[in-house]
Amino acid sequence: MGLQDTMKALADPTRREILRMLRAKKMSAGEIEACFDTSFAAISRHLSVLKDADLVKDTRDGKYIFYELNASVLEEIICWMQELRGEDHAEKK
């Protein structure tokens with residue numbers, strides 16, 4: 001997916017909250033769903049959009065699928081935004 005699709009995935013507040021939760025630890029879809037007042041199908045769809053945008057990775061452990069943040073894509077977005085602001089990413093290190 002391209003930057004436009006990634007930004008579209010980030011535009012939804014529920015998906016942003018899921019990313020905040022995954023920043024702390026890997027979670028199953030059921031654990032994520034328990035934190036929201038919405039259906040499992042809706043959370044599954046949000047996770048699918050995040051995965052398609054390469055913002056999360058999933059791994060299977062037995063009958064469970066665990067999701068985790070893919071920080072490398074977020075780093076690319078941050079670098080791109082810093083370039084737009086005229087900031088040199090190398091200066092930040």
Side-chain angles (χ1 to χ4, degrees):
M1 272 192 153
L3 181 62
Q4 181 176 349
D5 294 322
T6 301
M7 298 301 262
K8 186 176 178 180
L10 290 170
D12 185 274
T14 299
R15 290 193 283 267
R16 290 194 306 268
E17 183 58 30
I18 291 171
L19 292 174
R20 280 187 207 97
M21 292 166 49
L22 293 176
R23 182 178 57 194
K25 65 177 182 171
K26 287 184 188 181
M27 297 176 77
S28 70
E31 291 172 316
I32 295 168
E33 187 262 338
C35 298
F36 293 92
D37 187 28
T38 189
S39 69
F40 185 81
I43 294 301
S44 180
R45 177 68 184 135
H46 285 303
L47 289 168
S48 178
V49 170
L50 290 169
K51 187 177 172 194
D52 288 347
D54 208 22
L55 291 165
V56 298
K57 300 184 273 187
D58 65 344
T59 53
R60 183 171 291 279
D61 186 7
K63 64 179 183 174
Y64 297 101
I65 298 175
F66 288 90
Y67 296 87
E68 64 184 305
L69 186 64
N70 183 4
S72 63
V73 172
L74 294 173
E75 279 292 320
E76 289 175 26
I77 293 169
I78 290 168
C79 288
W80 177 76
M81 292 177 127
Q82 289 174 331
E83 283 179 23
L84 284 178
R85 292 182 64 191
E87 298 174 18
D88 184 3
H89 185 65
E91 292 175 7
K92 297 288 182 189
K93 292 184 177 182

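In this text, all values refer to a predicted model and were calculated from it rather than measured experimentally. Residue numbers start at 1 and run along the sequence shown.
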S.K.: Would you call F66 and E31 a side-chain contact if the rule is heavy atoms closer than 4.5 Å?
M.R.: yes
S.K.: Report the residues that fulfil side chain to side chain donor-acceptor pair (under 3.5 Å) with K51, sequence neighbours left out, ordered by chain and then residue number.
M.R.: D58
S.K.: May I ask whether F40 and I32 are part of the same hydrophobic cluster, defined by side-chain heavy atoms of I, L, V, M, F, W, Y residues being less than 4.5 angstrom apart, directly or through others?
M.R.: no
S.K.: Within this structure, what is the CZ-CG distance for the pair R45 and L50, rounded to the nearest 0.5 Å?
M.R.: 10.0 Å
S.K.: Would you say L69 and I77 are hydrophobically clustered, going by side-chain heavy atoms of ILVMFWY under 4.5 Å?
M.R.: yes
S.K.: Less than 4.5 Å apart, any side-chain heavy atom of M27 and any of Y67?
M.R.: no
S.K.: Please enumerate all residues that pass side chain to side chain donor-acceptor pair (under 3.5 Å) together with T59, with sequence neighbours excluded.
M.R.: none
S.K.: Tell me, do I43 and T38 make a side-chain contact under 4.5 Å, heavy atoms counted?
M.R.: yes
S.K.: Compare every heavy atom of A29 with every heavy atom of L47, then report the nearest pair and how far apart it is.
M.R.: CD1-CB, 3.8 Å
S.K.: Identify all side-chain donor-acceptor contacts of residues 7-22 below 3.5 Å with residues at least two apart in sequence or on another chain.
M.R.:
{"from": "D12", "atom 1": "OD1", "to": "T14", "atom 2": "N", "distance (Å)": "2.8"}
{"from": "D12", "atom 1": "OD1", "to": "R15", "atom 2": "N", "distance (Å)": "3.1"}
{"from": "R15", "atom 1": "NE", "to": "A9", "atom 2": "O", "distance (Å)": "2.9"}
{"from": "R15", "atom 1": "NH1", "to": "H46", "atom 2": "ND1", "distance (Å)": "3.1"}
{"from": "R16", "atom 1": "NH1", "to": "L10", "atom 2": "O", "distance (Å)": "3.0"}
{"from": "R16", "atom 1": "NH1", "to": "A11", "atom 2": "O", "distance (Å)": "2.8"}
{"from": "E17", "atom 1": "OE1", "to": "R20", "atom 2": "NH1", "distance (Å)": "2.9"}

S.K.: Quick one: does V73's side chain get under 4.5 Å of L55's, heavy atoms only?
M.R.: yes
S.K.: Any non-hydrogen side-chain atom of S72 less than 4.5 Å from a side-chain atom of E75?
M.R.: no
